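A quick write-up on the structure given underneath.
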Amino acid sequence: MADSETPFRYDAAFADRIEIAWQQRWERDGVYRVGNPGDAGFDASKPKFFVLDMFPYPSGAGLHVGHPEGYTATDIVARFKRMRGCNVLHPMGWDAFGLPAEQYAVQTGVHPRVTTAKAIDNFRRQLKRFGFCYDWGREFGTIDEGYVRWTQWIWLQAYASWYDSKAGKARPIAELEAAVAAHDEAVEVGGVAKKWSACTPLERQRWLDTRRLAYLGEQTVNWCPKLGTVLANEEVIDGRSERGGHPVKRLPLKQWMFRITAYADRLLEDLSLVDWPDSTRVQQAEWIGRSEGAEIDFAVEGFGALRVFTTRPDTLFGATYMVVAPEHALVEAVTKGAGSLDAAARAKLAAYVLASRDRADVDRQADSKEKTGCFTGLHAVNPATGERIPVWTAEYVLMGYGTGAIMAVPAHDERDFAFAKAFELPIRQVVEIAGQPFTGEQATSGEGAAVHSASKALSIDGKATVEAKRAVIEWLEGAGLGKRRVNYRLRDWLFSRQRYWGEPFPVVFDEHGKHHPVAESKLPLTLPELADYAPIESDTPLPPLGKATDWVNITAADAGIDPKVLPATSKVRRETNTMPGWAGSCWYYLRYCDPMNAARFVSKEAERYWMTGPDGASRGVDLYIGGNEHAVLHLLYARFWHKMLFDLGHVSTPEPFAKLFHQGLITSHAYQRTDRTLVAVDQVEERDGKFFEKGGGEVTQVVAKMSKSLKNVINPDDVIAEYGADTFRLYEMYMGPLEASKPWNTRDIAGVFRFLQRTWRVAVCERTGALLLAAKASDEIERLLHRAIKKVADDIERLAFNTAIAALIEVVNAATRPTEMTDPTQGGMTREQLDRFTRLLAPFAPHMAEEIWAKLGHATSVTGAAWPAFDAAMLVDSSVQLAVQVAGKVRAHLTVPADASAADVERLALAEPKIAELLGGKPPRKIVVVPKRLVNIVP
RNA sequence: GCGGGCGUGGCGGAAUGGCAGACGCGCUGGAUUUAGGUUCCAGUGGGCGCAAGCCCGUACAGGUUCAAGUCCUGUCGCCCGCACCA
């Protein structure tokens, strides 16, 4: 503790005092503000660096220790890049729409805006206490009207666009409409082709809706009548809601969708443009799930064509039955009386369909071992063999993938094989695989050569799989029975939520059910006030916004619709669904470039500068750090929005995030009994280096996630109170590699705190607060400094902060004065050395760095100082110690000049008495000299 | 099942194919201090040895190489993602 003897000792209270003082001064002086091209004093010829954190959802619980991990990393990079002469864009804001505030509102009646504002204030306070160098002048929340307006505007851009697959990009849908109208093309409406001029306005819209990027589509959802909301698959367990255990129905619902599938190929291919972790790119690629194959039409007696997708058209001759998903239209037709089933069989089929319908996808997949299914009574014809094959329905075929129907080839597909065995269906080998003979015991699914694959129509016997596929597809195309097709696992994106606390859709419906976009001049469309936020309990989805009847029922003029389209007084209804939480996070990085712009979502100049740099060479956000829990959805959705905006000419780069990095999870400790159950931290005591459960046996320390129940949650506010923000920042960066998951170890924080104390003592007298400077520069410290200048810079570039800090510690340790040293000018660093060291320290411990920097006589913040230069000559010592190995084992050491020649080194090594003795006078077979490292003698 | 990643002291971790264990924690001893704490100095992978030194050691088993924690093959264990995707 600081006492009257040492009032300038660096302790918690002292750290607190200087940290808060510097934070106030930074704010007062606007040290971290950065302008935009065109602003006074902004040099747009300087390189830029855009370093971004995944912005937080401000929960009522406040920051946890995981937040500052990524934020400290970006803070260090931002400060470093500034010192390297970049204009740095380093913003922070709030992903503030979301369910927790809405649920709280349902329970308490407090408006989500109120709770959210409070949570934001708390988050901002906590973040500021860390001394992060955000340009707070660019702060915004996704709920701000000035932001919502442009989120809605972007949605309108998608609404007004279609994907031109010939051009490979999005275009205004007005162009499509004009082209179709100009040629009076026939379009397909309700299954029949019709001249454009003969279509009603509603029919035209329906057709255009099949092209729009934001369109009204139908999707099967998990609807929980009791909760009054649609649930995600993960929220449904055994047909009941995870929360409350209420029944869940699966029903089709008209909702706004994004045609993200149109971008599937580009989202996949452009993964090669970005510097992202492999695991994340792989996850995205798998999520997109591209597979090449063919679609084939099978004639079903009394029904028409049944279309399937297969990646193995070469196995067509082995298709001995077909399976459709229980939701397939064919099954519905049969249950309604089509086909030849008797009443009992039909009832059985209906029961099967009903049972599977109320089970969500997730549950179907859970018990994947047992194959269930039901015969539909229908038969199809295998187009290759002419054989009559039965059509079944089974849960193992998913309606959401391909066409919801398959041709089953049990000999060469494990799932089909298991099903065929269970229901005694025929199995026919049609592929011979080298080294994997077909025995009938299990399916063989690799590539090989086609066998038993000949008929009057087609013969592919002997062809290798690749050739056989091609031959079958050619034949199908010639016969009009099918064609080549690329299929994706990715589905269109369901963008409607039956919630209150989200962006309203800027769209209205007229009395015919036709939708009209709300005019841009009427944006932002804000949420109505509600007396009660509870969802409406009903059998069909009714969003809470439906309660706001005055808001919902308006006129065409209110929506800003052109009177030529709809008379001003026409009654229209607003869309009552809202956008999901993803909406705001899809483009916030763009808004940071120009957050206050009222005329555009981002100015062209600001976007171009911050996304591409002064020379246009940059490829978006230069560094984006966040957790890998967003590896797929957020990052895929944001890329999709960005590509739409790119196609429409609103942004300059094809990808938003050039480099992505995931920080690891910060875990904690807990204790484990011998039966592997966990014990909370407060129930354990340490004795003689062992751990015992209070009133129980010995337990072992294990790594566990932080959780309230284990009482091992670390609160950042507490840690800052005990050590200060600089120590907190330093500790999290020193724990280990940024990407690694690592346990918080309270005992270890003292280590970095002591490092800061030692640093302070090297520079400043604890009694007087005066600088303590060495009279003469020590050569050792000078060399260490040069080495640290290089290493810290290199390590920051590769985000290896733990080793960068280790290099700083080494400098300070060398400069530390022993107790017995009575003359402080004999140790420590010279003024000029300390000046450079302080700049190295600044990105990591900015508050202490500022304090020392000021004592060194600088009037302005260290933030604006330049990163020091190193002299390459100072990185190597004049003489080096080499290891002398005999047969790869170190047997002696040799000190030689750094520039000693290989021949000299050889000679000296052989002259070493110990080595000569080991060699026993025999000439060595080989000598390898690695300059400045070692010499290896092979006897 | 498929895909990605990881196994190094008592603990967190370091190491462009070139002396394994930087740096920190903890621990041991010493100095300073009335004492505790603090601070400073020294030591700290295991084994044998008074010592010089020797042997072993990066999950395990092989291989490539003058040289392997690092590259290759196989095995075991752990973590993450996806999962009846036709």
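Everything numeric here is computed off the predicted structure, so don't read it as measured data. We name chains A, B, ... by the order of the sequence lines, and we start the count at 1 in each one.
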Residue matched to B/G3 through Watson-Crick or wobble contacts both under 3.5 angstrom:
B/C80

Under 3.5 Å, is there a donor on one side chain and an acceptor on the other for A/Thr315 and A/His412?
no

The nucleotide from B/A86, B/C19, B/G4 with an atom nearest the side chain of A/His893 is B/C19

Nearest-neighbour nucleotide for the A/Pro743 side chain, B/C19, B/C40, B/G12 considered
B/G12

Taking B/C19, B/A86, B/G81 as options, the one with an atom nearest any side-chain atom of A/Phe309 is B/A86

For B/U39 and B/G45, measure between their P atoms and round to the nearest Å.
23 Å

Please figure out whether A/Leu918 or A/Ala405 has its closest RNA chain B nucleotide nearer the 5' end.
A/Leu918

Does the side chain of A/Arg485 pick up a donor-acceptor pair with the side chain of A/Asn487 at under 3.5 Å?
yes

Work out how far the C1' atom of B/A14 is from that of B/G29, and round it to whole angstrom.
27 Å

Selection from B/C40, B/A83, B/C19 that lies nearest to any side-chain heavy atom of A/Glu820
B/C40

Counterpart base for B/G43, defined by Watson-Crick or G-U wobble contacts under 3.5 Å:
B/C27

A/Tyr396 side chain to A/Asp416 side chain, donor-acceptor N/O pair below 3.5 angstrom:
yes

Would you mind telling me which residue lines up with the more 5' stretch of RNA chain B, A/Lys791 or A/Lys889, judged by nearest nucleotide?
A/Lys791

Rounding to the closest angstrom, what is the interatomic distance between B/A31 and B/G12 at atom P?
34 Å

Is it the case that A/His662 and A/Thr280 place a side-chain donor and acceptor less than 3.5 Å from each other?
yes

A/Arg767 CZ to B/U39 P, in whole Å, measures 17 Å

Which of the following nucleotides, B/A86, B/U38, B/G18, is nearest to the side chain of A/Arg9?
B/U38

Under 3.5 Å, which N/O atoms of the protein pair with N/O atoms of nucleotides 20-25 of chain B?
residue, atom, partner, partner atom, Å
B/C23, O2', A/Tyr734, OH, 2.4
B/C23, O2, A/Tyr734, OH, 2.7
B/G24, OP1, A/Asn813, ND2, 2.9
B/G24, O4', A/Tyr734, OH, 2.8
B/C25, OP1, A/Arg754, NE, 3.1
B/C25, OP1, A/Arg754, NH2, 2.6
B/C25, O2', A/Asp748, OD1, 2.7

Aromatic ring pairing A/Phe14/A/Trp760, orientation class (parallel under 30°, perpendicular over 60°, tilted between):
tilted

Quick one: does NZ or CZ of A/Lys371 land under 6.0 Å from the six-membered ring centre of A/Phe423, within 45 degrees of the ring axis?
no

For residues A/Tyr488 and A/Ser291, is any side-chain donor paired with an opposing acceptor at under 3.5 Å?
no

Of B/C84, B/C66, B/C54, the nucleotide closest to the side chain of A/Asn936 is B/C66

In whole angstroms, the gap separating P of B/A86 from CZ of A/Phe298 amounts to 16 Å

Taking atom C1' in both B/G10 and B/G17, compute the distance separating them and give it to the nearest angstrom.
30 Å

Kindly label the base of B/G81 as syn or anti, based on whether its glycosidic torsion lies within 90° of 0.
anti

